[in-house]
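Below is one structure, written out as structure tokens, with a few remarks after it.
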Amino acid sequence: MSNDIFVLIEHRDGKVSENAYELLGKARSLAAAAGGSVTALVLGQGVGNMASSLGAANKVLAVEGDSVAQFTPTGYVNALTPIVETGNPLLTLVPNTAVGIDVAAGLSAALKLPLASYAIGIEIADGLPSIVCQTLGGKINTEVGFTVGRGIVAVNGGAFAADDGRIEGQPLVETLSASGDAAGVVFKRFIEPESGDVDITKEDILISVGRGIEEKDNIELAEELAEAMGGAVCASRPVVDAGWLPKSRQVGKSGQTVKPKLYVAVGISGAPEHLEGMRDAELVIAINSDASAPIFGAAHYGVVGDLFDILPALTEKIGEAG
Ligand SMILES: Cc1cc2nc3c(=O)[nH]c(=O)nc-3n(C[C@H](O)[C@H](O)[C@H](O)COP(=O)(O)OP(=O)(O)OC[C@H]3O[C@@H](n4cnc5c(N)ncnc54)[C@H](O)[C@@H]3O)c2cc1C
């Protein structure tokens, strides 16, 4: 049994993901409070090379092998189970992403360790972890602890500052061969987003359309405004489900998480599943004909009105301003 904090590092194309820095930064303060150290778990091939960008960790465990060369839930869980069992850390932090949530659930079942997911806060008090989790898509939060005093936590993106974990350094690197196999799952290929499509997670200005846009042809109104402002168009789920925009443009729980400087929500009601993907935008402007729409609760500025009047008028004004 140790007071260490383990962190699962997500990475793609040899680059550490932003969420890994968020987890590492928090892990440092938790380890300091618990009197333990931070171990970064990196699975893949040649992953020890990433150690220099994981200076926030005291130690990097590079777990290499065919079964973890690409992510599969079973490959990762089978490789991580003996490592977490032997290290017996106070907490194993994983990102609450498509990868992390599978690993968290699998590890929890394999090791009979409790799991807290959708975490947005973690503290150690008297040596025991206390975790704040989002419930019902963020409508209410819960504070939980672990009866066995230790467990696994799946942490929401954006819950902690990435800058606290973005430390260059030379942590101790230990390389291990991945144990187990992928239990019958074979990675075949990545399916990239349609070529030429924009990456909405990297845009500073997003004009986001919801069901209020009514039909595919009307999306042109949002595209004109986006062009005038130098931004891109994204959408709520019903617009994507209807096939009016590609999946890569969906914002929310089952889509992308975006943090633009400006997010204009047009004809979007503001369901918790949508807010989950855009609540960290620096400035939110909502345009909705229903003054009681929940999106106004998440917006810095709101316009109650008909989007079919407001969008063309805005585009014209911005065009005039040059
Ligand atoms: C597991 C799960 C995952 C989900 N994931 C996502 C997700 O990733 N992203 C997501 O967005 N949703 C997601 N949802 C769906 C979510 O619950 C909502 O159903 C969805 O966000 C609603 O989209 P909307 O706001 O565009 O549509 P609606 O809720 O129908 O809202 C349309 C809005 O347009 C306004 N409006 C209508 N006409 C006009 C007009 N002329 N001018 C101005 N305003 C107008 C209306 O007042 C209304 O507020 C998920 C749901 C589940 C259960």
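For the numbers below, each heavy atom of this structure counts, side chains included, while hydrogens, waters and symmetry mates do not. Each ligand, and each atom within it, is numbered from 1 in the order the structure gives.
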**Message:** With a 3.5 Å distance limit and no angle check, can you tell me whether Ser67 reaches the backbone of Asp181 through a side-chain donor-acceptor pair?
**Reply:** no
**Asked** Is a side-chain N or O of Ser29 found less than 3.5 angstrom from the main chain of Lys26, in a donor-acceptor match?
**Response**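 At least one qualifying donor-acceptor pair exists.
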**Asked** Is the cationic atom of Arg12 (NZ for Lys, CZ for Arg) positioned less than 6.0 Å from the six-membered ring centroid of Phe190 and within 45 degrees of its normal?
**Response**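 Because its charged atom sits under 6.0 Å from the ring centre and within 45° of the axis, Arg12 does stack over Phe190.
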**Prompt:** What's the spacing between Ile213 CD1 and Glu220 CD if we round to 0.5 Å?
**Reply:**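 It comes to 10.5 Å.
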**Request:** Quick one: which residue pairs count as a side chain to side chain donor-acceptor pair (under 3.5 Å) with a foot in residues 280-303, not counting sequence neighbours?
**Result:**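 The answer is Asp290-Ser292.
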**Prompt:** Hey, which residues fall under 4.0 Å of ligand 1 on heavy atoms?
**Reply:**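 Protein residues near ligand 1 are Gly210, Arg211, Gly212, Ser236, Arg237, Pro238, Gln250, Val251, Gly252, Lys253, Ser254, Gly255, Gly267, Ile268, Ser269, Ala271, Glu273, His274, Asn288, Ser289, Asp290, Gly305, Asp306, Leu307, Phe308.
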**Asked** Should the ring pair Tyr263 and His274 be called parallel, tilted or perpendicular, given that the plane angle runs from 0 to 90° and is split at 30 and 60?
**Response** tilted
